[in-house]
Amino acid sequence: MRLETLAVHAGAETDPETGAVAPPIHLSTTFRHGPAAERIAGYEYQREGNPTQDRLETALAALEGGEAALVFASGMAAIAGLLETLPGGSRVLLPDDCYSGLRYLANEFLPQRGVAADFIDMADIAGVEAAFSRPATLLWLETPSNPLMKVCDIAALARLAHANGALVAVDNTFATPVLQQPLALGADVVMHSTTKYLGGHSDVLGGALVFARRDDNHAAAMHRRHIAGAVLSPFSAWLLLRGCRSLAARMAMHCASARTLAEFLSAHPAILQVNWPGLPGHPGHAVATAQMRDYGAMLSVRVRGGREAALSVASKLRLFTNATSLGGCESLVEHRASVEGPNPVSPQDLLRISVGLEHSDDLVADWSQALAS
Ligand code: PLP
């Protein structure tokens, strides 16, 4: 079945009791069992699992082509839900450009558990190979990356990691399964901040791990989620199921408008650089063309004139709201260095853009006026 069809139908069986086409939301925290805790309908307690969550996990596993999925209270809870199953003494290889929350988790919390992290340029395969000269348990990829839009070759890196006995996880938040399917390229686990495109409306926080196999890694992450408790609420699961249904259609429009805006900005004299893998001059263009169906709707730009010029442009945009996050219907812009906490790594002249679902003519006109004045 094609992805557009799966997006509409996976986990969407009509309710057997009522025939309801839209799924019911099961809010019950507890489920009746026998006197010696015998399960009757398969569920026991909401922190362990519930029917609305099961539907979402079925849908996400189908969309990513995995055997099993686990949903979490946020993207960060999903990241922690995997990294915290690694035994003490592990070493993980992380991308030098990645979501800032992952960097803080790796620098502040993993060392407390005896897990070491090295940040590597994943676009440089020889550099990654060199990093494997010391044993590593996990290779974590984020492509395209946040916020520099770096692209790395998932299939080549998965082969390298597997040859060195490491697990491969890919943050697929920016691409979504519509544009890129890391498990088919050899990854073992896909992670999502479902807060973004999967939710699609900036109104639900969530995260997910999708496993290629229903194996020990899946079992360990499921057990940890049950005990540590960072589960997704049934209402959030329901909103995310609803987001899945329109995901493919939304991504097509997001991507088309991103192309129009990226081409406009790359020809504008006030813009120093446009980071969007769909542009032929982007260093990851060839790899992105080979492993993605389209190039996504996240871009970042470096504004000529440094930090003050970037902040001035951000303040003049009218349709692009200054706000963090991405993947919603509304276009957003953000000066990343200002939101990255005490140790920002993003260039001071960089603005990250999430291209929404407004008409691209209006989006271009908004940037045109902000850059002109
Ligand atoms: N991964 C990426 C690429 C992100 O952009 C984000 C959030 O912006 C996260 C992970 C973390 O997700 P959440 O905010 O849902 O915890």
Side-chain angles (χ1 to χ4, degrees), residues 56 60 64 69-84 92 94-106 108-109 117 119 122 140-152 154 169-177 179-180 182 187 189-210 225 228-233 236-237 239-240 243 251 254 275-277 292 295-300 321-328 330 332-341 344-346 350-356:
L56 177 60
L60 294 179
E64 286 289 2
L70 295 172
V71 290
F72 292 82
S74 68
M76 283 310 300
I79 293 174
L82 185 68
L83 293 181
E84 294 187 355
V92 296
L94 307 179
D96 59 353
D97 186 52
C98 63
Y99 174 60
S100 54
L102 172 61
R103 185 176 297 109
Y104 283 111
L105 186 81
E108 293 177 23
F109 298 104
F119 293 89
M122 299 297 177
W140 184 279
L141 307 176
E142 187 180 309
T143 182
S145 68
N146 185 356
L148 297 181
M149 308 301 300
K150 288 171 79 168
V151 169
C152 64
I154 298 173
V170 180
D171 183 334
N172 205 27
T173 299
F174 275 21
T176 82
L179 307 183
Q180 174 173 278
V189 187
V190 164
M191 175 264 151
H192 280 284
S193 167
T194 56
T195 313
K196 318 300 182 192
Y197 290 104
L198 281 154
H201 297 75
S202 306
D203 56 9
V204 55
L205 193 73
L209 297 173
V210 184
R225 181 187 66 174
V231 291
L232 189 71
S233 79
S236 296
L239 283 170
L240 287 168
M251 288 316 291
H254 279 300
N275 301 316
W276 186 64
M292 298 179 77
Y295 302 95
M298 291 302 298
L299 49 140
S300 56
T321 304
N322 279 263
T324 200
S325 205
L326 55 116
E330 61 292 313
L332 303 178
V333 65
E334 181 171 58
H335 184 245
R336 281 303 291 168
S338 295
V339 295
E340 282 177 349
V345 294
S346 289
L350 182 123
L351 296 176
R352 191 187 72 181
I353 303 166
S354 171
V355 180

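Note that ligands are numbered from 1 as they come in the structure, with each ligand's atoms numbered from 1 the same way. Hydrogens, waters and symmetry mates are skipped; everything else that's a heavy atom, side chains included, is used.
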Can E330 and T321 be counted as having a side-chain donor-acceptor contact under 3.5 angstrom?
no

For [X], is at least one N or O under 3.5 Å away from an N or O on ligand 1?
{"X": "E142", "answer": "no"}
{"X": "M76", "answer": "yes"}
{"X": "G75", "answer": "yes"}

side-chain contact (heavy atoms from CB on, under 4.5 Å) between N275 and L350, worked out:
CA-CA 10 Å; N275 301 316; L350 182 123; 3.9 Å; yes

Contact with ligand 1 for K196, non-hydrogen, under 4.0 angstrom:
yes

Are any of the heavy atoms in A78 under 4.0 Å away from ligand 1?
no

Identify, by atom number and element, the atoms of ligand 1 in contact range of G206, meaning under 4.0 Å from any of its heavy atoms.
15 (O)

Top protein contact for [atom], by heavy-atom distance:
{"atom": "atom 5 (O) of ligand 1", "result": "N146 ND2, 3.0 Å"}
{"atom": "atom 11 (C) of ligand 1", "result": "Y99 CE2, 3.4 Å"}
{"atom": "atom 15 (O) of ligand 1", "result": "T195 OG1, 2.7 Å"}

Nearest non-hydrogen partners of [X] and [Y], listed with the distance:
{"X": "M191", "Y": "A78", "answer": "CG-CB, 4.4 Å"}
{"X": "M122", "Y": "C152", "answer": "O-CB, 3.3 Å"}
{"X": "S193", "Y": "T173", "answer": "N-OG1, 2.9 Å"}

To the nearest 0.5 Å, how far apart are CD in E64 and CD in Q180?
8.5 Å

In chain order, what residues pass the side-chain contact (heavy atoms from CB on, under 4.5 Å) check against A106, with sequence neighbours excluded?
L94, L110, A117, F119

Of the listed options (I79, D171, L102), which comes nearest to atom 2 (C) of ligand 1 when hydrogens are ignored and any heavy atom counts?
D171

